Amino acid sequence: MTSLLLLCLLPGVNQIPQLEPQNSLALKLNEKAAPRLSQAREKIAKGDWSNAIRLLQSVLEDENPLYEAKAKKIRNAHQEVSQLLSGMSKKGKDFYELKYGAIASMLLKKSNDRKSLALIVRRFRHTKAGKEAEKKLRAQLKSALQKPVKVTNALPKKGAIWGSKLYRREFSTTLLDKVLETCRKKAFPLMTSALPTLVTASDGKKKHPLVVYRYAGGISARTIPSGEVIWRSPHFDFGIQRMLRSPDTSRFLSRWVDRALEGVRPDTLFASSTMHTLSADADRVYSVNDFVHPPPYMREFIRQRAMRAWPVTLRYALNYNTLQAYHIGHGKLLWEIGSVPDFDEKRAMPTTHFLSAPLPLNGELFVLTQKGNDLSLCGIDAKNGKILRSMNLAKIAFPISKDPFRRMNAHHLAVQDGLLICPTHVGHVIAVDLLTWTPRWIYRYSSEKGKLPWWHSRPIIHGDRLLMTMPDDGKRIHCLNLKTGEPLWVKPRGDDLYLAGAQKDQALLVGRGQCRALDLKTGKERWTQKIGEPSGRGVFTQGRYYLPIAEGLKSKKPEVCELDLQTGKIRARVSLKKPLGNLAIHDDRLIGLGVSTIRVYEISKK
C-alpha cells in the first residue's frame, strides 16, 4: 500500500490566504493490484485457469481495490477482476466454482449480518453462494424511496395558522439582531442551514404528523396542524445562548462573532449545517451535537499559546462532538455516542467527530467520522448506537477540531442501488459499494474559493447522474456518472446560491436574483428567470418549484412564487407579511423554518 498526497486549497471562513494554512488529503492506493491483473490476463490468454484464478482471487482478498493506472488515473481492481471472470469461457467459470464455491457456501451458512454478507460478495461474487449473498444484501439495503408529493399546489394563504420564535428574548435583542442588521447592511443573503424534518409519531391510537427542527438551544418537535409542542430536548450544555451568559466564555464568543461579522461570512451563527441538520427514520430522530460557532480562523487553533488562554469550559466545548438519537414520539434521549476530550495534555486523546447527521438505511446508520487525521465511514446500529463496522477512507492533514470550515459544512451522504456517495470537502468525492464494503471510485477536483459559499451542499442523485456542489469548490457545479464517477460535465457557478435539485431531465439552481435550469445531459442552460432574493430552500411538486422570496421584484414584500420547471415562467406569487425560510409540505400545510421563526400556512386551493 502507498499513499498519494494531494493538496487542495481550503477557503477559510474569512478569506485571508496568506494567513490561513492549506488542508490536504492522502489516499491509500494498492500497489500490488496492477501487476497481478497484468499477469492474470496473460494466464487467461494461455488458458492457464488455475494460475489465472489464483491471481484474480488474490486481488479480491485485498480490502482496498483502488490503484493508480496510467496518467495517474485511479481504477478499481475489483471491478476489473469481475469483468475478467464474467468474460471467461464456461471451462474457466466452472473451474472457479469448483475451487471457491464450497468455501463461499460454508461462509454463507454462518453469516448473520451485513458485514459478513458483504465479505462474501467481495471475495466470491461469481460463485453461486456469492450471488445468493448479493441478493440477500440488496434486499436488506434497499432504500425506501421518498414518496412523491401528491399535492399539485403549494401556495400558502396569507395568514399563518401558527408560528413561534426560536430564541429567547435576551438572545434575540442582542446577538441575533446584530447578525441580522450586519447582513442587511452588507446585502448578504441570510438563510439558515436548519431544515424542517417531517416525521409521524403514534400514541397507539392515532398517528400525529410532527415537524422537528434544531435551533441554538436544542431540538423541538411540534404537531403540524396546531403547533403544539410535543417534546423538547434538554438545552445543550454548550449552546451559544448559555455560553454567552457565562462571564468566562462570553468575551471569546463575542469576539469571534464580531470577527465573523466583519468578514465574508456574517451568517456564521446559522451556517453550521453539521449541527442544524437532522435526520430521522420511523422510530428515532438523529442529531449531531457540536459547537455552533468555532473561531472563524483556522490559525486560532494552531496557535497553542492562544488556546491555553481559553477557559477550560471553552476548550471542552470546542472539542465536544456527539451523535444523539431521540425517541420520535416523546423525545427521550435513547443513546449518545462520541468520545469526550481530556484537557490534561499528558492524557489528551484524539476526539471522534461526526461530520453530519447520519443516513438511516434499514436499521443501520451511515455517517462519516474523523478521529485525529483519519477520515472513516461508519455503520451504526440504529437501536443502540453500537458501531457495527467502519472503513478508513483517507488521511486528512488537519484534525476537524482545527478546521472550522469543514467542521461547519456537513458531509451529507447520498445512496442509490447500494452505492454510497461520501464527500470529503478536501478536493475528493469517494463512492463506497455497500455490497462489498469497499471504495468503488474516487473523483478528484480542484478546490477554489468563490465570492460566496454554496448553501445546503449535498449530493443530488437523479437516475444515473450525480450532481455535486462542493463547499470547498465555490466556482463550479459538477455532474458525474453515478456508477463510474466519470465527469459528464462541469459548469461555472455564476451567481447561484444552491442546487435545488433535479426533475426529469434538468437541474434547478437558485441564485441571488434569478433561477436557472441546466440540461442534465449537456449542462447547457435551458432558461433563466429573475425572481428576487431567496430566503430559503423551496419545495418541488409535480412540475413546479415553490420558492420563498425575501423581497419580490415588484411588490418589494416577502413572497412565495410558483415556478414552472418546464418553461421557467412564474405562474403565481403570494405576498406575505414576513419572509419564510426553508420550506416543507405535509398534506395541505406549508411549513417555513427561518432564521428566527417557524410558521405554518394552509395551502390555498386553486
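All figures in this text were calculated on a predicted structure; none of them were measured in a lab.
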Working for side-chain hydrogen bond (donor to acceptor under 3.5 Å, both in side chains), residues Asp472 and Tyr445: CA-CA 10 Å; Asp472 57 315; Tyr445 59 92; 2.8 Å; yes
Test log, rule side chain to side chain contact (heavy atoms under 4.5 Å, CB included), inputs Arg138 and Leu435: CA-CA 7 Å; Arg138 282 189 182 278; Leu435 296 176; 3.2 Å; yes
Worked verdict on Asp473 versus His478 for side-chain hydrogen bond (donor to acceptor under 3.5 Å, both in side chains): CA-CA 10 Å; Asp473 182 8; His478 304 250; 2.8 Å; yes
Stepwise side chain to side chain contact (heavy atoms under 4.5 Å, CB included) check, Leu210 with Thr200: CA-CA 6 Å; Leu210 306 179; Thr200 302; over 6 Å; no
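In this structure, Gln370 and Asn321 have side chains that are not in contact, with every pair of non-hydrogen atoms separated by 4.5 Å or more.
More than 12 heavy atoms of other residues, nucleotides or ligands lie within 6.0 Å of NZ in Lys93, so this atom counts as buried by the packing criterion. Counting non-hydrogen atoms of other residues, nucleotides and ligands closer than 6.0 Å to CD of Glu63 gives a total of 12 or fewer.
Of the possible donor and acceptor atoms, none in the side chain of Asn289 sits under 3.5 Å from a partner among the backbone N and O of Thr322. Of the possible donor and acceptor atoms, one in the side chain of His462 sits under 3.5 Å from a partner among the backbone N and O of Lys504. In this structure a side-chain-to-backbone donor-acceptor pair under 3.5 Å is present from Trp489 to Leu520. Distance alone, capped at 3.5 Å, places no donor-acceptor pair between the Trp49 side chain and the Tyr96 backbone. Under the 3.5 Å distance criterion, the side-chain polar atoms of Glu132 are left unmatched by any main-chain donor or acceptor of Thr127. Not one N or O on the side chain of Asp283 forms a donor-acceptor pair closer than 3.5 Å with the backbone of His327. Of the possible polar contacts, one joining the Ser86 side chain to the Ser82 backbone as a donor-acceptor pair under 3.5 Å is found. Looking at His411, its side chain does come within 3.5 Å of a backbone N or O of Asn409 through a donor-acceptor pair. Side-chain atoms of Asn582 come within 3.5 Å of backbone atoms of Ala194 as a donor-acceptor pair (strictly under, hydrogens ignored). No side-chain donor-acceptor contact under 3.5 Å links Ser273 to the backbone of Thr277.
Salt-bridge check for Asp374 with Lys395: passed, with a basic side-chain N closer than 4.0 Å to an acidic carboxylate O. Lys524 has no carboxylate O lying under 4.0 Å from a charged side-chain N of Asp519, or vice versa, which leaves the two without a salt bridge. Using a 4.0 Å cut-off between charged nitrogen and carboxylate oxygen, Arg440 and Asp433 count as a salt-bridge pair. Here Lys91 does not pair with Asp94 in a salt bridge; the nearest charged N to carboxylate O distance is not below 4.0 Å. A salt bridge is absent between Asp464 and Lys483; no separation between the charged side-chain nitrogens and carboxylate oxygens falls under 4.0 Å. Between Glu134 and Arg125 a salt bridge is recorded (basic side-chain N to carboxylate O distance below 4.0 Å). Ion pair Arg465/Asp505 not flagged as a salt bridge, since none of the NZ, NE, NH1 or NH2 atoms sits closer than 4.0 Å to an Asp/Glu carboxylate oxygen. A salt bridge between Glu42 and Lys46 is absent, with no side-chain N of the basic residue lying under 4.0 Å from a carboxylate O of the acidic one. Under a 4.0 Å N-O distance rule, the pair Glu364/Arg389 qualifies as a salt bridge. Note on Glu80 versus Arg75: salt bridge recorded, some NZ/NE/NH1/NH2 to OD/OE distance being below 4.0 Å.
Between Leu518 and Gly523, the shortest heavy-atom contact is CD2-O, 3.7 Å. Contact record, Leu27 with Leu393: CD2-O, 4.1 Å, taken as the closest heavy-atom pair. Heavy atoms only, all atoms of each residue included: Gly329 and Ala201 are closest at CA-CB, 3.9 Å. Nearest heavy-atom pair across Phe366 and Leu434 is CE2-CD2, 3.9 Å. Shown here for Trp441 and Leu482, the closest heavy-atom pair between the two residues is NE1-O, 3.0 Å. What you find for Gly463 and Gln416 is that their closest heavy atoms are O-NE2, 2.9 Å.
To the nearest 0.5 angstrom, Leu323 atom CG is 8.0 Å from Ser287 atom OG. Atom OG1 of Thr424 and atom CD1 of Ile396 lie 6.0 Å apart (nearest 0.5 Å). The distance from the CG atom of Leu66 to the CG atom of Leu29 is 6.5 Å, given to the nearest 0.5 Å. With values rounded to the nearest 0.5 angstrom, Leu55 atom CG is found 9.0 Å from Leu37 atom CG. A distance of 5.0 Å separates CG in Leu480 from CG in Leu466, rounded to the nearest 0.5 Å. Of the inter-residue distances, the one linking Leu583 atom CG with Arg537 atom CZ reads 10.5 Å to the nearest 0.5 angstrom.
Checking Met470, Arg493, Lys491 one by one against Ile477, the side chain to side chain contact (heavy atoms under 4.5 Å, CB included) holds for a single residue, Lys491. Checking each of Ile430, Val432, Thr438, Asn64 against Met391 for a side chain to side chain contact (heavy atoms under 4.5 Å, CB included) leaves exactly one that passes, namely Val432. A salt bridge (charged side-chain N to carboxylate O under 4.0 Å, His left out) with Glu61 is found for one member of Arg54, Arg36, Arg123 and no other, namely Arg123.
The closest side-chain donor-acceptor pair between Tyr67 and Asn76, if any, does not fall under 3.5 angstrom. A donor and an acceptor atom, one from each side chain of Tyr545 and Gln503, are nowhere located under 3.5 Å apart. Under the 3.5 Å distance criterion, with hydrogens and angles disregarded, a donor-acceptor pair is assigned to the side chains of Ser446 and Arg476.
Annotation: Tyr100 is not in aromatic contact with His126 [ring centroid separation under 6.0 Å not met].
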